[in-house]
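The model shown is predicted, which means the values in this text are computed figures rather than measured ones. Count residues from 1 along the sequence.
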Amino acid sequence: MSTHSLPAFVEGYGAIRPFTGVQPAPDLVFRSSTRVHPAVSGRDKLLRDIEAAFDVCKIGDGATLSFHHHLRNGDQVLNQVLAVAARRGLRGLRVAASSLFPVHAPLVEHMRTGVVTRISTAYASGPVAEALSGGELATPVVMTTHGGRARAIESGELHIDVAFVAAPAADRYGNVSGAVGRAACGPLGYAMVDALYADRVVALTDNLCPHPLCPIDIAQDKVDFVVCVDSIGDPTGILSGTTRPTTDPVGLRIAETASRVIAASGLLCDGFSLQTGAGGVSIATSMYVKAAMAERRVQGSFSAGGVTGYLVDMLEAGLFRTIFDVQCFDLRAVESYRNDPRHQAMSASLYANPHTRGALVDQLDAMLLGAAEIDLDFNVNVTTGSDGRILGGSGGHADTAAGAKLAIVTTRLAASSGPKIVDRVRCVTTPGETIDVVVTENGVAVHPGRAELREQLLSAGLDVITIDQLRARAVGASRDATLHARPLEDARVVGVVEYRDGRVTDVIRQSTA
């Protein structure tokens, strides 16, 4: 793997453990002990407001507060909680959010005023990402993977003082559900880990139900307090991003080719397992795979990940026996989770934590991945744009690439900013040694370590070329083949990109673009 030179130490982060290649999990790991405040028998857990939660949880300067993103760009809980922190004059807080979206723009002002000085997240977009790129946070943002975040929490590396759970439904004793309520969002897979290991857990809900709530995602023995608010957010914000198949001819060509790669790999047989993203090409690929499974009369074991209605359609058509769902990407998936017992919730730890008794990503046959750019060593960047500014983050990208038997990156050869196949990615999100195939509209490249797969694809009539040849085609297809200037090596580090085991694959330097 070709990585950028990493500093040995980053101010505000500490010593860097550089990524030096995929390693097996250790023989033994230890989980953090959990601090529990036993409930008082016969007393419910309802508090009058968020201010009361700050009082009873004794939240002070420097505390770590966690949030989950199941409402995605509709979430309002993070904004409400940090507004209270600012009114109380708190400083130096760490926000441990599973992901950050444009709706979280008020966080920028809290960064500027020192209310928040540390952030850990698996994904950031919108105004917060812009502010992080420009160096407005006092310390470098820590960009994790979804599995890496769960691992860090369970090990105690990321200790949470108070977890605030956006609860679409809750009862007075702290049972929480994502399946019902005005803001129903589906499984609360990311919040499940936080609720297990945080010192205090506060559920915020706009739908207080009689005890006992049914169904339950997080049970009352994990929750300290419940606060009723006017709204936890807008469930239509779950639909942020593309959640329908592409109709673009180029995108459809890529999707059809990706489905042929899966079919030629020999994995498309009974017991097949699949995860797709929510992008248009990924969803279109799943439609081609659906047709191939039906034609071959294949019943898969499971589909997984962030779930869309298109995976639900495959479940209902009998093409998979079950869905494992860590979060829903559209309201059709929410409905399925509410009504179909085959649609199962999973925590972020079960999903992708490399230090468990078995993460589900390790049972994946095929995974469809996107990319901002890919380099000649197959390294993938989904963290920054070609200008070096943060545009997203790994999420489950690096986790699923490491676990799946067949990790496929689908991408156009070029974007408006230039070729997407580059000599060296701006930021290493996912190591190239975990990527098997790159599929474009004009050629397929197979990792040199997968010679057998390359022969299978050639035998199936696919246009298989080297990554260098694909790079040449990308340059030819680009309107702007010039390389963007890289930030100066002595520019301030504003972000640290961690692999799922906590080693560092790259740093993000302050951008002035």
Revision key, fill the gap. Scanning both residues in full, the closest heavy-atom pair of Glu441 with Leu413 reads OE1-N, 3.1 Å
Exercise for review: Could you check if a side-chain atom of Val289 sits within less than 4.5 angstrom of a side-chain atom of Leu268, using non-hydrogen atoms only?
Suggested key: yes
Exercise for review: Keeping the roles fixed (side chain from Gln510, backbone from Gly134), state whether a donor-acceptor pair exists under 3.5 Å.
Suggested key: yes
Exercise for review: Count the heavy atoms belonging to other residues, nucleotides or ligands that lie under 6.0 Å from CD of Glu316, then report whether that count exceeds 12.
Suggested key: yes
Exercise for review: Please report the C-alpha distance between Leu453 and Leu406 in whole Å, then the side-chain angles of each, then the deciding distance to 0.1 Å, and finally whether the side-chain contact (heavy atoms from CB on, under 4.5 Å) criterion is met.
Suggested key: CA-CA 9 Å; Leu453 177 62; Leu406 180 62; 3.7 Å; yes
Could you pull out every donor-acceptor pair under 3.5 Å between side chains of residues 150-157 and any protein atom, sequence neighbours left out?
unit_1 : atom_1 : unit_2 : atom_2 : d
Arg151 : NE     : Arg500 : O      : 2.8
Arg151 : NH1    : Glu157 : OE1    : 3.1
Glu154 : OE1    : Arg31  : NE     : 3.3
Glu154 : OE1    : Asn353 : ND2    : 3.2
Glu154 : OE2    : Ser349 : OG     : 2.7
Ser155 : OG     : Arg151 : O      : 3.2
Ser155 : OG     : Ala152 : O      : 3.1
Ser155 : OG     : Glu157 : N      : 3.2

Check your understanding: Hey, mind stepping through Tyr13 and Val507 against side-chain contact (heavy atoms from CB on, under 4.5 Å) and telling me if it holds?
Key -> CA-CA 11 Å; Tyr13 177 83; Val507 295; over 6 Å; no
Review point. So do Tyr499 and Val22 actually touch side chain to side chain, heavy atoms under 4.5 Å?
Key: yes
Practice item. Could you tell me whether the side chain of Cys328 reaches within less than 4.5 Å of the side chain of Arg338, counting heavy atoms only? Key: no
Exercise for review: Keeping the roles fixed (side chain from Ser273, backbone from Asp365), state whether a donor-acceptor pair exists under 3.5 Å.
Suggested key: yes
Check your understanding: Heavy atoms, side chains only, cut-off 4.5 Å: are Val428 and Val497 in contact?
Key -> no
Check your understanding: Quick one: does Ser177's side chain have a donor or acceptor within less than 3.5 Å of a partner on Pro215's backbone?
Key -> yes
**Study point:** Closest contact, heavy atoms only, Ala345 versus Asp217
**Key:** CB-OD1, 4.2 Å
Check your understanding: Is the shortest side-chain N to carboxylate O distance from Asp330 to Arg72 below 4.0 Å?
Key -> no
Exercise for review: Show your working on side chain to side chain donor-acceptor pair (under 3.5 Å) between His146 and Asp399 and close with a plain yes or no.
Suggested key: CA-CA 7 Å; His146 283 325; Asp399 297 310; over 6 Å; no
Study note, to complete from the structure: All heavy atoms of Ala163 vs all of Asp194, minimum pair found to be CB-CB, 3.9 Å
Exercise for review: Please answer whether the main-chain N or O of Tyr190 pairs with a side-chain N or O of Gln327 as donor and acceptor at a distance below 3.5 Å.
Suggested key: no
Check your understanding: Does Ser478 reach the main-chain N or O of Val475 with its side chain, forming a donor-acceptor pair under 3.5 Å?
Key -> no
Check your understanding: Without hydrogens or angle criteria, can the side chains of Asp248 and Thr246 be said to hold a donor-acceptor pair below 3.5 Å?
Key -> no
**Study point:** Ser133 side chain reached by Ile508 side chain, heavy atoms, under 4.5 Å
**Key:** no
Review point. Hey, does the side chain of Asn339 reach the backbone of Glu335 with a donor-acceptor pair shorter than 3.5 angstrom?
Key: yes
**Study point:** Worked check of side-chain contact (heavy atoms from CB on, under 4.5 Å) between Val380 and Val425
**Key:** CA-CA 7 Å; Val380 181; Val425 291; 6.0 Å; no
Review point. When you check the gap from the basic side-chain N to the acidic O, do Arg332 and Asp313 get nearer than 4.0 Å?
Key: yes
Exercise for review: State whether the side chain of His397 and the backbone N or O of Gly370 hold a donor-acceptor pair below 3.5 Å, judged by distance alone.
Suggested key: yes
**Study point:** Taking every non-hydrogen atom, the tightest pair across Thr144 and Ser394
**Key:** O-CB, 4.0 Å
Point to revise | Shortest non-hydrogen separation from Pro18 to Leu6 and the atoms involved | key: CB-CD1, 3.7 Å
Point to revise | Non-hydrogen side-chain atoms of Tyr310 and Lys290 separated by less than 4.5 Å | key: no
Review point. Has the side chain of His68 got a donor or acceptor atom that lies under 3.5 Å from a matching backbone atom of Ala166?
Key: yes
**Study point:** Pairing of Glu130 and Arg389 as salt bridge, 4.0 angstrom limit
**Key:** yes
Review point. If every non-hydrogen atom of Thr505 is compared with every non-hydrogen atom of Thr429, which pair is closest and at what distance?
Key: OG1-O, 4.3 Å
Review point. Is it true that a side-chain atom of Arg260 and a backbone atom of Ala460 form a donor plus acceptor pair closer than 3.5 Å?
Key: yes
Review point. Heavy-atom distance under 4.5 Å between the side chains of Arg149 and Ser98, does that happen here?
Key: yes
Check your understanding: Hey, does the side chain of Thr322 reach the backbone of Arg342 with a donor-acceptor pair shorter than 3.5 angstrom?
Key -> yes
Review point. Applying the side-chain contact (heavy atoms from CB on, under 4.5 Å) test to Phe378, which of Asp436, Val446, Ile435 qualifies?
Key: Ile435
Point to revise | Note, Leu360 side chain near Phe302 side chain (heavy atom, < 4.5 Å) | key: yes
**Study point:** Check: His104 ring centroid to His69 ring centroid under 6.0 Å
**Key:** no
Review point. Passes side-chain contact (heavy atoms from CB on, under 4.5 Å), Ile119 versus Leu107? Steps please.
Key: CA-CA 10 Å; Ile119 292 176; Leu107 175 54; 3.9 Å; yes
